[in-house]
Amino acid sequence: MVKRFDWLLVYLLFSIGVMAQSGGKQYNSYKGLVMAGYQGWFNTPGDGSGRGWHHYNGRNGFRPGSCSVDLWPEVSEYKKLYKTEFSFADGKPAYVFSSHDESTVDVHFRWMKEYGLDGVFMQRFITEIRNESGLKHFNKVLNSAMKSANKYERAICVMYDLSGMQPGEERLLLKDIAEISERYSLKDHAKNPSYLYHNGKPLVTVWGVGFNDNRRYGLKEVAHIIDGLKSQGFSVMLGVPTQWRVLEGDTEPDPRLHELIRKCDIMMPWFVGRYNETTYPKYQKLVEEDIQWAKKNQVDYAPLVFPGFSWGNLKGKDHNSFIPRNKGSFLWTQLTGAIRAGAEMIYVAMFDEIDEGTAIFKCAQKVPVGKSTFVPIEEGVESDHYLKLVGEAAKILRKEKAIAYNTKLNPAGPNPFIRHMYTADPSAHVWKDGRLYVYASHDIAPPRGCDLMDRYHVFSTDDMINWTDHGEILSSEQVPWGRKEGGFMWAPDCAYRNGTYYFYFPHPSETDWNDSWKIGVATSNKPAEGFKVQGYIEGMDPMIDPCVFVDDDGQAYIYNGGGGICKGGKLKDNMIELDGTMRTMEGLVDFHEATWIHKHNGKYYLSYSDNHDDGEKHNRMCYAISDSPLGPWEYKGIYMEPTDSYTNHGSIVEFKGQWYSFYHNSALSGQDWLRSICVDKLYYNPDGTIKMVKQTK
């Protein structure tokens, strides 16, 4: 029978953990959150700060021809506004907000709650807080933010930007956070439930570590900061350059950086300006590789995304490194790419950064005209579009919603047909909605064998050209009886019966994985989302590659195999218990793994991979035929020669009158354990035997 678990008890315990005694939402981990950087850097004359135009202004103040902002805020919801010298095409004056006003911060946090952004990192610039006016302003903004964070139940965390820091000012930072901690009860989570904790301690972020741009401070000062924060009882997130892992490019080549990262709880690399939508794919692979390094070194990882970039007014048009937003497509590509790469948390740069064009808050489509040129929000896009995108991404990150990603197959070069991630072991089915669905395992970069595979994705099509990635449906972390180290989510399968989809997957329960395989079952009322683990099927040998076949009469059969053995048996109507014992499938020749059952013209076909290995070519796909789903089987030979991968694993399905053979190869990566799923047409001879499948690329 299937082992069941008291999910109600788990839910109650979790609920107690996230709610403070005061009733406010308590943030105990960055995991599962999408958060943004918050500058709060904008001052105006008359806002009470005494700083005049600040962070809006250029060399000659804030007026046409002299400003630093490229985006213009959409200001219809602010209680206090400040008139500028800029005007619109109709001659009306343009207004802006001040971050110094508590009402401004309140509006921003209200937007976060309305659109589903989980919270923000409040930036404190060392170059500002070293001065009295800057310290007073940022203290005022932080005070407003602490109030609004708890009012709207948003996560909040202090972030120090070290840019411009002088040696010795690390002591200023440690003194400042100690004062903040006491002022806002950061160590008492019940009193300040919105303050973000991680690994059981209040989190503090330190940004600007390891860059090779000739900063006055170095790793020595940063080590002092990290040690000081740890001694004060904080967890630490470290902001590092893009190429931190290989110590090249924007990173100083000092291996001590890795030592500092290992001392911290979370790391966040800086990606702003590094790529556009066209060049992004290689950075998605970089994120996957970063995540694996972080897991190996027991540090959490927060990838950064940004909506676009522009600093024409700040740097001058000749120096503008403009990166188009593409109506949110660029941001969405990064958000979904980070989630596909395995991100557990995401950092968005930035919430309110309008002078580098990275703001996600409400910006104007109608902008001032004149000597300064501003970047409007695109036609056809509302001012809140980017807030909506990050809110949707937060739902997907927490698996509250499925992800969708469309890719058009090139008929001239159709394989692999999934190219934005590495996939293997395709299990293809056509369900009642008429679409073809492929359930696949997921190879993780960089390659290290198949032990890193720890999640499943679902892809679907209705024309074999346009494919949708519905996103991750299950990971090793969701398997309560599973191996504590994770990984080992190998070839799956899916079946449908009486309104329920049953997803079958192998996963070991012990560190010594080879003899502890169990066939798990997850169920959903939808084919590509909402799967919940029900447990595992008792009575099956510890083998892999589950295959479930439902015959025309409704009887379901399950198979698994490995190590030269293939077994099959009946399932009860509940699809999660064996009806009798499993038995060995007789008549197969050189069976290795990858059992698949399909039916054609009244005959049952069992296909599988063999043990062929001549040093250069490896698994071939073979098949046998029977008059019964449990054999005995008559071996018929090979229907697919080896691919360029060490392994192969396939499925055979009919879709809209055409039979197809699904399999995987290593054409995209050139590496055995970074595979990609493929499909080609399959044909039968008049006697029912299968013609050799021609592999296309």
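In this text the structure is predicted, and so the values were computed from the model without any measurement.
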Candidate pair F138 and F125, rule ring-ring contact (aromatic ring centres under 6.0 Å, His included), full reasoning: CA-CA 9 Å; F138 280 95; F125 305 90; 5.6 Å; yes
Qualifying salt bridge (charged side-chain N to carboxylate O under 4.0 Å, His left out) pairs, either residue in residues 367-384, two or more places apart: D384-K388
All pairs passing salt bridge (charged side-chain N to carboxylate O under 4.0 Å, His left out) where residues 250-261 contributes a residue, at least two apart: D250-R274, D254-R256
Pair T643-N665, side-chain donor/acceptor within less than 3.5 Å: no
Under 3.5 Å side-chain donor-acceptor pair for E128 and H55: no
Check whether any side-chain N or O of [X] sits under 3.5 Å from a backbone N or O of [Y] as a donor-acceptor pair, and report yes or no.
{"X": "S99", "Y": "F42", "answer": "yes"}
{"X": "T336", "Y": "W332", "answer": "yes"}
{"X": "T468", "Y": "H470", "answer": "no"}
{"X": "D161", "Y": "S163", "answer": "yes"}

Partner set under ring pair (Phe, Tyr, Trp, His ring centres under 6.0 Å) for W53, not counting sequence neighbours: Y56, F62
Within 6.0 Å of CZ in R216, more than 12 heavy atoms from elsewhere: no
Flag if over 12 foreign heavy atoms under 6.0 Å of OH, Y646: no
ring-ring contact (aromatic ring centres under 6.0 Å, His included) assessment of F330 paired with F306: CA-CA 8 Å; F330 177 48; F306 64 104; 5.1 Å; yes
Pair F211 and Y217, ring centroids less than 6.0 Å apart: no
Evaluation steps, ring-ring contact (aromatic ring centres under 6.0 Å, His included), between F121 and Y30: CA-CA 11 Å; F121 290 87; Y30 191 0; 5.3 Å; yes
Passing option when W244 is tested against F271, W270, W293 for ring pair (Phe, Tyr, Trp, His ring centres under 6.0 Å): W293
